[in-house]
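Notes follow once the structure below has been shown.
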Amino acid sequence: MLPNDREWLAMLVQASTSRIRAGNEVTLQMLHRSIEMIASAEALLAAPMPQVWPKSQDRSEDRSESGS
């Protein structure tokens, strides 16, 4: 190999390594964001659901009373 070839190869390896590190960093950021979003969703799903009608009230009875 000529000296210029070695310099070119060293630059190529450095550029490739830099791109791989950047890609790994972005991947880790996305994983952390996904973990945070999953934790947020789990907290939201753990909260009690609001009730529109009480369990004891039957919607069909309510309709028949208002229609009279």
Side-chain angles (χ1 to χ4, degrees):
M1 282 183 135
L2 296 174
N4 284 342
D5 291 341
R6 288 183 182 170
E7 290 175 15
W8 178 81
L9 183 60
M11 288 173 37
L12 182 65
V13 168
Q14 184 180 9
S16 178
T17 304
S18 177
R19 283 194 302 268
I20 289 170
R21 285 186 182 143
N24 288 343
E25 184 178 330
V26 170
T27 300
L28 285 175
Q29 289 174 353
M30 291 175 71
L31 282 172
H32 287 295
R33 182 177 172 211
S34 295
I35 290 169
E36 290 173 0
M37 292 176 77
I38 289 171
S40 174
E42 286 176 343
L44 181 64
L45 291 173
M49 295 292 293
Q51 292 183 353
V52 178
W53 291 282
K55 290 182 179 180
S56 62
Q57 182 180 359
D58 184 13
R59 291 180 62 199
S60 61
E61 290 176 9
D62 188 40
R63 287 181 185 165
S64 62
E65 291 175 4
S66 64
S68 303

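Worth knowing before you read on, the calculation uses all heavy atoms, side chains too, and leaves out hydrogens, waters and symmetry mates.
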- List the steps and the verdict of side chain to side chain contact (heavy atoms under 4.5 Å, CB included) for Glu7 and Asn4. CA-CA 5 Å; Glu7 290 175 15; Asn4 284 342; 4.1 Å; yes

What side-chain donor-acceptor pairs closer than 3.5 Å can you find for residues 10-21, not counting sequence neighbours?
{"unit_1": "Thr17", "atom_1": "OG1", "unit_2": "Val13", "atom_2": "O", "d": "2.8"}

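Side-chain atoms of Ser40 never come within 3.5 Å of backbone atoms of Glu36 as a donor-acceptor pair (strictly under, hydrogens ignored).
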